[in-house]
Amino acid sequence: MKVITRFAPSPTGYLHIGGVRTALFNWLFAKNNNGLFKLRIEDTDVKRSTQEAKEAIIKGLKWLQLDWDEDEVYQSKRIKRHKEIGNELLKLGHAYKCYCSPEELTEMREQARKEKRAPRYNGKWRDKDDSEAPNNVKPVIRIKCPQAGSTEINDIVQGNISIKNNELDDFIILRSDGTPTYMLSVVVDDYDMGVTHVIRGDDHFTNTFRQQHIYNALNWPLPKYAHIPLIHGMDGGKLSKRHGALGVDSYDDMGYLQETMLNYLLRLGWSHGDKEIISREEAIKLFNLDSIGKSSAKFDIERLTSLNAYYIENKNNEDLVTAVKNYYTNKKNINIDNEDLTLILNGMNGLKSRARTINELAEMCSFYIEKAPITLDKKSKKVLNDDNISALKLYYKQLLKLEEWNKIKIEEDIKMYCQENNINLGKLAQPLRAAITGKAVSPGLYELMEVLGKSETLARIININN
RNA sequence: GUCCCCUUCGUCUAUCGGUUAGGACACCAGGUUUUCAUCCUGGAAAGAGGAGUUCGAUUCUCCUAGGGGAUACCA
């Protein structure tokens, strides 16, 4: 049987890290099994669902290239079908009408709590006849769950877990206004979409016991379940805004690479021996549900950042130049011309080992984009005191005579000059860097002088703007 | 409150009864580098606590503690 997985977010906020990881695991499992990965937007809560949230979900999945098969399913468009099934359940005698008022239900819960029992509906209308119904109350439809015995779930991640049926109550499947509840909708949709494996956050774990009774009543085959642990913040609590509860797109914004995010999220809760660096293709080959851990993991942005540095350093230079270009056009509204793009490309080897995010990389390129006289930052200004400036202007005269302009010749020239004039190399190199880049730290000096070219380099020295 | 799950270095994790408990990130020290970063070498760093089972427990069982989740006419 063909494996079919699904990602079923509700569009009530941004697509956060935990959601994306769930999507990733579904996607990988489907790919690993040559199956289908489907997307279903659970937008039945009209009050909380927003268009922006829908777009954020789609944007996030696209960013990570977690492409889904077929058109996405909007749950709101399937309400008619859910009602149909709900009413069928009623007809079959697996469900019944309940006329309890909200006040009554609250009372039931309070009563149960007082008696140290699980707060649950007491089944008041389970066996009553419709003739006893109050005439101006619209009923909800509740499903009949077994009252004795226990229900067991065989979960791929969590193992075999069972709970006593008296912990479950007859939950609502159709509201008094006739609309279906989540519990019904998921089951119907998963069934209709042919979902074979439900991989979701383990906050849904206890729902599974309930949903199972809907499957049973309908005589539908149960999908396989894999409930994956939730991701927590560094403080061990819920993922808060400080700790990664941002939308995934904000990581894109911060300059994290899509491949970094994929690799990081994959390794959070899943492992393959000591393997840390895993490409998309490898992940598809290696992924399995059995290697998912049962304990929750903490989101560590430091780790994400260092992984990002790795992926930046190993990305090809042309792609990085494109990323830098996009950064400037999208975030700074600056269009970099081809000539400067060439400088950046030529200087990329020296840049990329120093950047941990695309944003850092882009900012680092600034001195390739500027033209003499360039702006100097605080530290470079400090380096460029009068003594150092006059030393530079002296050296300028020798540099002017250098004919072959490449990093080896430049290095030879500088070293020779220092030796002849009995100057400490650092005494000359550091001011040179400051004058040429406007910064106190930069890629290798000789390399960037070569990339910049002779005339621009000389222009920057002679035009020091301090 | 009730039910369910979890617990190995700071973090992500390996270990499927016998290991000097391994790796990665972060951290510290040294080396390379004109700077910074990369890179290389080394270091510190863990089985929540307590009972059992066993010749032997990180690994199996139970209890305790801590954490998380679920307990809606939300999804």
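- In this model, a donor atom of one side chain and an acceptor atom of the other lie less than 3.5 Å apart for A:Y182 and A:H204.
- Nearest to the side-chain atoms of A:V441 among the listed nucleotides B:A75, B:U34, B:U35 stands B:U35.
- Pairing partner, B:U32: none, since no Watson-Crick or wobble contact has both distances short of 3.5 Å.
- Among the heavy atoms of the strands, none lies under 4.0 Å from A:H227.
- Other residues, nucleotides and ligands contribute more than 12 heavy atoms inside 6.0 Å of the NZ atom of A:K393.
- Proximity of A:R109 to the phosphate of B:U71: no side-chain N or O atom is located under 4.0 Å from OP1 or OP2.
- Remark: the A:K285 side chain and the A:N32 side chain contain no N/O donor-acceptor pair separated by less than 3.5 Å.
- Looking at heavy-atom distances under 4.0 Å, A:S353 makes contact with a base.
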Atom pairs under 3.5 Å, N or O on each side, protein against nucleotides 6-15 of chain B: can you list them with distances?
| residue | atom | partner | partner atom | Å |
| --- | --- | --- | --- | --- |
| B:C6 | OP1 | A:K294 | NZ | 2.6 |
| B:C12 | OP1 | A:K298 | N | 3.0 |
| B:C12 | O2' | A:R267 | O | 3.0 |
| B:U13 | OP1 | A:G269 | N | 2.5 |
| B:U13 | O3' | A:S271 | OG | 3.2 |
| B:A14 | OP1 | A:S271 | OG | 3.2 |

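- Remark: the separation of the C1' atoms in B:U13 and B:U54 is 29 Å, to the nearest Å.
- For the pair A:K38 and A:E72, the salt-bridge criterion is not met [side-chain N within less than 4.0 Å of a carboxylate O].
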Please encode protein proximity along nucleotides 43-48 of chain B as a string of B, S and -, counting only heavy-atom distances under 4.0 Å.
------
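- A:Y446 comes within 4.0 angstrom of a base, heavy atoms only.
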Any protein N or O atoms within reach of nucleotides 60-64 of chain B? Criterion: under 3.5 Å, listing atom names and distances.
none

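- Take the nearest nucleotide of RNA chain B for A:E42 and for A:P443: the residue whose nucleotide is more 5' is A:P443.
- Within 4.0 Å of A:S306, counting heavy atoms only, lie sugar-phosphate atoms of the nucleic acid but no base atom.
- Note on A:C100: a base of the nucleic acid sits closer than 4.0 angstrom, heavy atoms only.
- A:R78 approaches A:V188 most closely through the heavy-atom pair NH2-CG1, 3.8 Å.
- Along RNA chain B, the nucleotide closest to A:L174 and the one closest to A:I163 are compared, and the more 5′ of them pairs with A:I163.
- Residue A:T181 has its side chain nearest to B:A75 when only B:U34, B:C4, B:A75 are considered.
- Geometrically, A:R40 does not engage A:Y74 in a cation-pi contact, judged by NZ or CZ lying under 6.0 Å from the ring centre and within 45° of the ring axis.
- In this structure, A:N207 reaches the bases: a heavy-atom distance under 4.0 Å links it to at least one base atom across the strands shown.
- Judged by distance alone, with hydrogens and angles left aside, A:T206 brings no side-chain donor or acceptor close enough to the base of B:C4 to form a pair under 3.5 Å.
- Using a 4.5 Å heavy-atom threshold, the side chains of A:V195 and A:K224 count as separate.
- Among the heavy atoms of the strands, none lies under 4.0 Å from A:R120.
- Rounding to whole angstrom units, CD1 of residue A:I231 and P of B:G67 are separated by 21 Å.
- Residue A:H232 has its side chain nearest to B:G68 when only B:G68, B:C4, B:G69 are considered.
- Remark: A:T44 is in phosphate contact with B:A75, judged by side-chain N or O atoms under 4.0 Å from OP1 or OP2.
- With no hydrogens or angles considered, a side-chain donor-acceptor pair links A:Y395 and A:D413 at under 3.5 Å.
- Within the nucleic acid shown, A:T12 has no heavy atom closer than 4.0 Å to any nucleic acid atom.
- Considering every non-hydrogen atom in both A:N165 and A:S150, the closest pair reads ND2-N, 3.4 Å.
- Smallest separation of non-hydrogen atoms from A:L428 and A:C418: CD2-SG, 3.9 Å.
- A centroid separation of 6.0 Å or more is found between the aromatic rings of A:F7 and A:W68.
- For A:R354, the side-chain atoms get nearest to B:A37 when compared with the rest of B:A26, B:A37, B:G69.
- Spacing between B:U32 and B:C12 at atom C1', rounded to whole Å, works out to 30 Å.
- Under the 3.5 Å distance criterion, with hydrogens and angles disregarded, a donor-acceptor pair is assigned to the side chains of A:D170 and A:Y96.
- Atom CZ of A:R356 is surrounded by 12 or fewer heavy atoms from other residues, nucleotides or ligands within 6.0 Å.
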